[in-house]
Number of protein chains: 2
Amino acid sequence: MIADNNMSDSQSARALAPRRHGEILRRLVSDGTVSITELADHFDVSRQTIRRDLKHLAERGQLDLVHGGATLFEPTEAAFTERRGENASAKASIGRAAAALVRDGMVVFLDSGTTTLAVAHALADRKNLTICTTSLSIALQMCRQPQVRVHMLGGEIDPAEEAAVGIDALEAISHFRVDVAFLGGGGLSPDGEVTDFTRNGAEQRSRMTATAGKAYFVLDSSKFGRLTPLRIPRFELAAGVIVDRRPPEAICEALKRKGPIVIVAE
Amino acid sequence: MIADNNMSDSQSARALAPRRHGEILRRLVSDGTVSITELADHFDVSRQTIRRDLKHLAERGQLDLVHGGATLFEPTEAAFTERRGENASAKASIGRAAAALVRDGMVVFLDSGTTTLAVAHALADRKNLTICTTSLSIALQMCRQPQVRVHMLGGEIDPAEEAAVGIDALEAISHFRVDVAFLGGGGLSPDGEVTDFTRNGAEQRSRMTATAGKAYFVLDSSKFGRLTPLRIPRFELAAGVIVDRRPPEAICEALKRKGPIVIVAE
DNA sequence: AAATAATAGTTACATTATGCAACATAAATA
DNA sequence: TATTTATGTTGCATAATGTAACTATTATTT
C-alpha cells in the first residue's frame, strides 16, 4: 500500500526545517534568547541540526548567535542605546510631566536625546498629533503609532545623538509652526542657563526656543550644575524647564530672574 | 473531468486531487506548514503524488515549496517589520551583489525598503562611505558604524515604509552628488519596467535614477511580473537591476532593449 | 592565577530522507 | 481500442540529519 520507503512508522514525522525555524523565532521574540540544548531536546533532533538551523537564521539576519544558543537580532550596540537605561525612572516621570502639557491636535517638536525619547514614549497613545523631530529613534517609534503624523528633519546624522544636525536640520526648522517643543541639553549651569556640547546643537535649540509657541527643556537631575561649553542663545525665551527633582536653590533663583518656570515631575 | 462518484464507500477510498488540494491548503493556513510524509500518510497515497499536488499548487502561487513539504505563501504587503523576514536569503544575496559594486569612499544612496536594508547590512563594515537615505532604519543602523557618514533626507514619514517621502525628500535629493544609488520598487512589469505604488515614490526614484552616477534597482524574485500602478519615469537611465534569480525571458528581453543590465546575485 | 572539568563549537564523514525523472499501471474518456 | 489522466514504482542524485573525534570556550576548583 504505502509505497516509497519503509519506515516512517516510528514517531511523528520529523518536523521540517521551516517549522523549527518558525518556532525558534517565536521563542526568540517571547523569551529573548534560545538555547541549543533546549531546542534540540524540544524538537528531538541533534544539537548539530539546531546549530545548522541557527546558523541559517543568523545568515538571514534573523538572530544573533551566542555561545550556547542565540539572541534577538540587534543591529548594533551603540553608545546611545546604552545611555538609555541610565536614570530611566527619572526620565519616565519627566516624560509624563511633559506629555501633560500636550493636547490632542498639537504640533510637537521633539529634540534628540534620551530624555526626549521618554517624552515620545509618554505621547505614544495620543491622538492626532504631529511630531517633528531630528531624532531617528523618535521618528521610528512615533511613526509606528496610528493617528500620529511624523516629520523627520533631515541632515547629517550625528552618531552620538543618532539625530540630524547641521545646516539642513537648521533650515528645516523654519518650515514648521510648532505649538510646543521639548528640548534636551548638556547641562543646567549654576547661573540658570541650559548649555550645550556643540555649536550646532546650541544653535538648533536656540532657534527652536524662539520659534515654538512654547519651548521646554527636559533635564534629569544628573545635569544640575554641569557645565558644558556652549550657551544656548535666547534661552530666556523658553517657557520652562522640566526636571525630576527640585534643582539647588541658587539655580532656581537664577531661573526665576530669567523667566523660564521650573516644573518638577511627579 | 470529474465523473459522478458513488463510491464513497468509506474514507479508505482515495481522495480525489481537488479534495486533497483543499485539505492541504486548509492545513497550511492553520499550521503554516505541511509535510509531505504526513500528507502521504494521511491521504494514503504515495509521496510522489503529494509532491505533484504541492508542485501544482506552488505553480498557482498558493504555497511555497520547501524541502520535505511546503509553507504558506504570503503575497500581501505585510507591515514593514513583518515583511523583514520574508525572502530573507534572497534579499541577503542581493545585498551582497549590490555591495560588490561599491568601493570605499563612494557616496551611496539607499532607498527605503527591506531589500535596500539588506544592502545596508552588506555595506556595514565598509570604510569611509557616505550614505544618503530616506529610510529611518537604514540611517539608524548605518550611523552606528564607524567610518560611515550618514545623511538623512528629511520629510514627512510614511509609516508603511518608515521612510521620508514628499516634497522635502524630493528637494533634498538635489543637494547631493551620488556615486551609486540602490533603489527599491513595487514590481518588475512584464514589459521590463520597474513600477511603484505611489506617485511620490515613483518621482523620487525617477529623480535619483537621473541624478546618480549609477542607479540600480534591487528586486527580489517575488516582484517579477507584478504590476503596480505607477511607472517610474526615466527608468531606462538606470544602470541595471539586481535580482536573486533570472527573471522570465520576456522581461530580460525587454530590459535589454531599454538599456539596464540584469545582475543575478549569487 | 593556574589547573581542571564541563559545556559548546568544528570538522569530516556516515546515514537517512527527500527530490526528481523516467517508466509502469489503472481507471476514465473519446 | 486508443488516449488521456492520475497515480504508483524504481533508481539515482541531492539535501538534511546524525555521529564521533577533536578543539575551543566557559565555569569551577584549587
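Proteins come first, then strands; the chains are lettered A, B, ... in the order of their sequence lines, and each starts at number 1.
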> What is the distance from NE2 of A/His21 to C1' of D/dT17, rounded to the nearest Å?
Replying inline: 12 Å

>> As a test of understanding, state which of B/Glu253, B/Glu236, B/Glu193 forms a salt bridge (charged side-chain N to carboxylate O under 4.0 Å, His left out) with B/Lys258.
In response: B/Glu193

> In whole Å, what is the span from the CD1 atom of A/Ile36 to the P atom of D/dG18?
Replying inline: 14 Å

> Is B/Asp179 paired with B/Lys214 through a side-chain N to carboxylate O contact shorter than 4.0 Å?
Replying inline: no

>> For B/His67 and B/Ile50, find the nucleotide of DNA chain D closest to each by heavy atoms; which residue's nucleotide sits nearer the 5' end?
In response: B/Ile50

> Which residue, A/Gln48 or B/Gly69, contacts DNA chain C at a nucleotide closer to its 5' end, judged by nearest heavy atom?
Replying inline: A/Gln48

> If you measure from the Lys or Arg side-chain nitrogens to the Asp or Glu carboxylate oxygens, is any gap between A/Arg27 and A/Glu23 under 4.0 Å?
Replying inline: yes

> B/Asp41 has an atom CG; how far is it from atom P of D/dG8, in whole Å?
Replying inline: 13 Å

> When the distance from CG of A/Asp53 to C1' of D/dA16 is rounded to whole Å, what number comes out?
Replying inline: 10 Å

> Would you say a side-chain N or O of A/Thr37 is under 4.0 Å from OP1 or OP2 of C/dT7?
Replying inline: no

>> If the cut-off is 4.0 Å, is A/Thr49 near the phosphate of D/dG18, judged by side-chain N/O to OP1 or OP2?
In response: yes

> Does the side chain of A/Arg51 get closer than 4.0 angstrom to OP1 or OP2 of C/dT7 through an N or O atom?
Replying inline: no

> Roughly, in whole Å, what's the span from CG in A/Leu54 to C1' in D/dT17?
Replying inline: 15 Å

> Between the side-chain atoms of B/Arg52 and the base atoms of D/dG8, is any donor-acceptor pair under 3.5 Å?
Replying inline: yes

> Does the pair B/Asp104/B/Lys127 count as a salt bridge with the N-to-O cut at 4.0 Å?
Replying inline: no

>> In this structure, is the centre-to-centre distance between the rings of B/Phe217 and B/Phe235 below 6.0 Å?
In response: yes

>> Rounded to whole Å, please give me the gap between CZ in A/Phe43 and P in D/dG18.
In response: 12 Å

>> Could you tell me how far apart A/Leu57 (CG) and D/dA16 (P) are, to the nearest whole angstrom?
In response: 13 Å

>> Rounding to an integer number of Å, can you tell me how far B/Arg47 CZ sits from C/dA21 P?
In response: 17 Å

